[in-house]
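Step one of this worksheet: look at the structure below.
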Amino acid sequence: MNTLAIKVRHRPIRIGWCVASGDFEAFRQAARRSFSLWGGRFNPIIPVDDAEQGRRLIDQFGVDCLYPASRTEAVQAFIESQQHLPWPGINGGFVQERGNGRKVSTFADLLAPTRQLFESHFKNNPHADPLLVLHEWSDGDPLRDILLATFGELPPIEDAAEDYRGLLQANLRAQPQKIASDQPVTLPDFGKMSLSMFNAEGLRRHYSVRPKWRQPGFYLGDANDFDDLVTFWNLRAADTALQFYDPSHAERLDHLKDQWLGRIPPLLKLNRPQRTAVWSRRRPAPEELLTFGENLSVCQVGPEYWNARDAKVPIMVFGDGDALASIDNSAERPSISFTIPNSPVKEVGQFSAQHYVAVIEPGAGLFRNERFTLNFPFIPELNEFYARNSIFHWNNARVEPGGLGVIVDGSANHLSMRAIDTGKLLEAIFSAFGIVAMPSAAGLVCNRLIRQMGGIDDCRVFRIGGVRDLIAKYSPDQSFTTSAAKQIIRAQNTGYPLSAYQDLHIELRKPGEHLTNDAVLAHLLRKEIFRPGLKLDCPNCQLDFWRSLDDVRTRVDCEYCGHQFHIGPQLRDRDWAYRRSGLFGRNDNQEGAISVVLTLQQLAHMHDISPSLFGTAMSLVSKGAAIEPCETDFVFVTSRGRDHRLQVAIGECKTRHPITEDDVQNLLRVARAFPEDRFDVFLIFAKLAAFTEAELEMIGAANEEHVQRVILLTDRELEPWSPYERTAKEFDINPIVVDLEGMANTTHSVFFEKRLRNP
């Protein structure tokens, strides 16, 4: 049994509170419930009146499940439209009733951070100063909702699993602080925190999502405007340090403003002046900005802000740990099992019922196993598919950048996870966007070739032009001799003879030993691309025929006349005679699979340090997408490291046949079926020959003014170890390309701009 080093990180379950626009009471209930959950202040509030905006918020915040804070038909319909976010496999509420009458929280709540702070600060120090302030205000305070969002408030005891206020006062000596409706609002003293700050105790940002801009500052708005209230909440839920400022309540908020201006530099840990951010749903008037001083950055937050490019909401985590997973290969599909490290909710009493998300990051995954994968693309629409095929519980999986989240409770000590069939996963990806994808006959043959060779990396012998020439020269019913094979493999009179590949590794050989045509032919025989035999002459009918080495006997029957004769006398002047074998023994031009294999090999090598998956030819039919029935010779999926956008490559591979207009337009329709805000889809056209000018004009039309999606590869790019090693000698390009976007840009420079290198 093999092992795999993995990382497991823990984070809160992120709840999206669905509200109807203008429902202040629903907002208050959602906020209070959020502050009772550990890390709940990072839960977004989602107005459902604009369904598209609601979906943007779900995507940006990585919401795990939705809760109807407003009980309206519109809210319920919106939740039902997001079927990929089912409520986890636990009761539908936030509190569970135990048989002994005790109530426990369904989700990780304030018990864990209370215990941690008690152990570290108060347990052995009875005279320690209080750290926590619990703010209070009257229901009639005109700033009540802003105070709630800023400082935090707890739900009524009857609606909660615990008397959280009593718990905090008893264990952490939390101090109540009344905010009078006719007095200025102030921040807690240095060294003390509000409930809102305590709610995030022990959490940190995870590096997998890097916010573009989280400058602390102010939110300029109207305390009585519901949209301003929700926007302010969501910006803070995105871990932006802000204070609300309403100019109509300046007499109460000016002191808080001045306090906050003094705390921003220490918050940034900078000794130099820094811009203060002023956020607002509208464009502030110049006189409104004067109150915040100079050196300001103004950010207008409209609905378009919550898109994939601008917002970049961070993932907040409790912590992480390393684990050594056991790989079980006894079943058809491999699986891994491991002990959960560093659980944030210990298995002690009531903590065992509290749920959180354990995210498994499988790293390299199943090494050199291309049939199955543990690296699941970040496509939330496939949550149920991942759950049913990997962790058994259909509603407990939540995919996210770099890993698969599994909702577990504090009593969980071990986890198991099954690998998913790569082909089935690719079919599910297409299905999520309205396309039925099924393996084609050509795809099955190509896949069989890759497995016959031992994997995509073991197909590197096909880079050698002489090997491809040998396969193409002889039909399956023609034989050739050892000397003829070695002469063709050497390709001495071509632009790139075998000597150009002398350092190519296809099998183990002695250090410093170069690749020879003898070694190449022996490798092809071991991989059963060719099989050896004898070419014999029948003494009766005078016709020659071929017999495989496995079928050679002392006395053989002529396959034409049936005459039996002794082969001994003919062995004195006979060389071995080889024929194409296995897949290449078919008469359906299977050498066309070689261009697919070489293309996939270049893509796999380029992405060998990032998770990726690929599949061979698939037939594509619409089940809602605007495409025509067509076929793609391969599919390649990976993620772009800096922002985790998925990159998908689909392509057409030829030997020397032309690319047609239908080839281009069919794949272009498929590319446009994927959402542009989350996917970059590239079209790859590969040939083992040069493209004609007519082909280049036709293919180039698939590019747009600001979208370079076409990638072109010829034998010049497919044969070298690095795709642009030879190309860079002729064209003014950087030979080092690390992703599909770079390949598309290089294609534009080489094939369309024809940017030749100066002599």
Side-chain angles (χ1 to χ4, degrees), residues 10-18 25-43 45 63-69 71 86-119 122 132 134-136 148 151-174 176 193-203 237 316 318 343-358 395-396 407-412:
H10 312 293
R11 64 168 180 83
I13 295 175
R14 220 160 198 177
I15 301 167
W17 303 98
C18 296
E25 189 54 40
F27 171 87
R28 293 165 192 149
Q29 292 179 9
R32 295 187 189 108
R33 177 67 68 186
S34 289
F35 285 123
S36 72
L37 303 176
W38 191 14
R41 59 161 284 191
F42 301 110
N43 293 336
I45 291 178
V63 169
D64 297 308
C65 53
L66 302 171
Y67 190 84
R71 301 290 177 171
W87 196 261
I90 45 185
N91 72 315
F94 295 93
V95 178
Q96 300 181 46
E97 299 283 349
R98 292 300 172 129
N100 57 4
R102 177 164 177 76
K103 296 188 295 184
V104 296
S105 176
T106 300
F107 301 94
D109 67 359
L110 297 183
L111 288 178
T114 299
R115 183 184 63 180
Q116 292 174 7
L117 190 57
F118 172 78
E119 294 283 342
F122 293 99
L132 180 60
L134 298 178
H135 293 84
E136 302 173 357
L148 167 60
F151 297 119
E153 187 179 18
L154 292 166
I157 296 177
E158 59 271 19
D159 294 337
E162 302 281 347
D163 175 9
Y164 295 109
R165 176 175 290 273
L167 184 77
L168 296 174
Q169 290 176 332
N171 290 276
L172 305 183
R173 298 201 284 279
M193 53 186 166
S194 65
L195 176 63
S196 175
M197 296 173 62
F198 175 69
N199 184 266
E201 184 74 10
L203 273 79
M316 307 303 295
F318 297 129
S343 171
V345 182
K346 305 298 183 183
E347 188 182 359
V348 179
Q350 66 270 27
F351 289 97
S352 62
Q354 296 187 4
H355 291 73
Y356 65 97
V357 180
N395 56 356
N396 277 8
I407 296 175
V408 298
D409 62 33
S411 64

Rounded at 0.5 Å granularity, tell me how far CD in E119 sits from CD in Q116.
9.5 Å
Could you walk me through whether R33 and Q29 satisfy the side chain to side chain contact (heavy atoms under 4.5 Å, CB included) test, starting with their C-alpha distance in whole Å, then the side-chain angles of each, then the deciding distance to 0.1 Å, before giving a yes or no?
CA-CA 6 Å; R33 177 67 68 186; Q29 292 179 9; over 6 Å; no
For the CD atom of E162 and the CZ atom of R102, what is their distance to the nearest 0.5 Å?
4.5 Å
Side chain to side chain contact (heavy atoms under 4.5 Å, CB included) assessment of F198 paired with T114:
CA-CA 9 Å; F198 175 69; T114 299; 3.7 Å; yes
For A161 and V104 the tightest heavy-atom approach is CB-C, 3.5 Å
Rounded to the nearest 0.5 Å, how far apart are OG of S411 and NE2 of H355?
7.5 Å
Answer with yes or no after comparing the ring centroid distance for W38 and Y356 against a 6.0 Å cut-off, counting only values under it.
no
Test item: F94 and S105 side chains (from C-beta on) under 4.5 Å apart, heavy atoms
no
Considering only heavy atoms from C-beta outward, does the side chain of I13 approach that of L37 to under 4.5 Å?
no
Is there a side-chain contact between P12 and L203 (heavy atoms, below 4.5 Å)?
yes
Mind checking the CG-CZ spacing from L134 to F151? Nearest 0.5 Å is all I need.
12.5 Å
Value rounded to 0.5 Å, distance of SG in C65 from CG in N395
10.5 Å
Evaluate the ring planes of W87 and Y67, with Trp represented by its six-membered ring, and classify them as parallel (under 30°), tilted (30 to 60°) or perpendicular (over 60°).
tilted
Between CD of E201 and CG of L132, what distance do you get to the nearest 0.5 Å?
9.5 Å
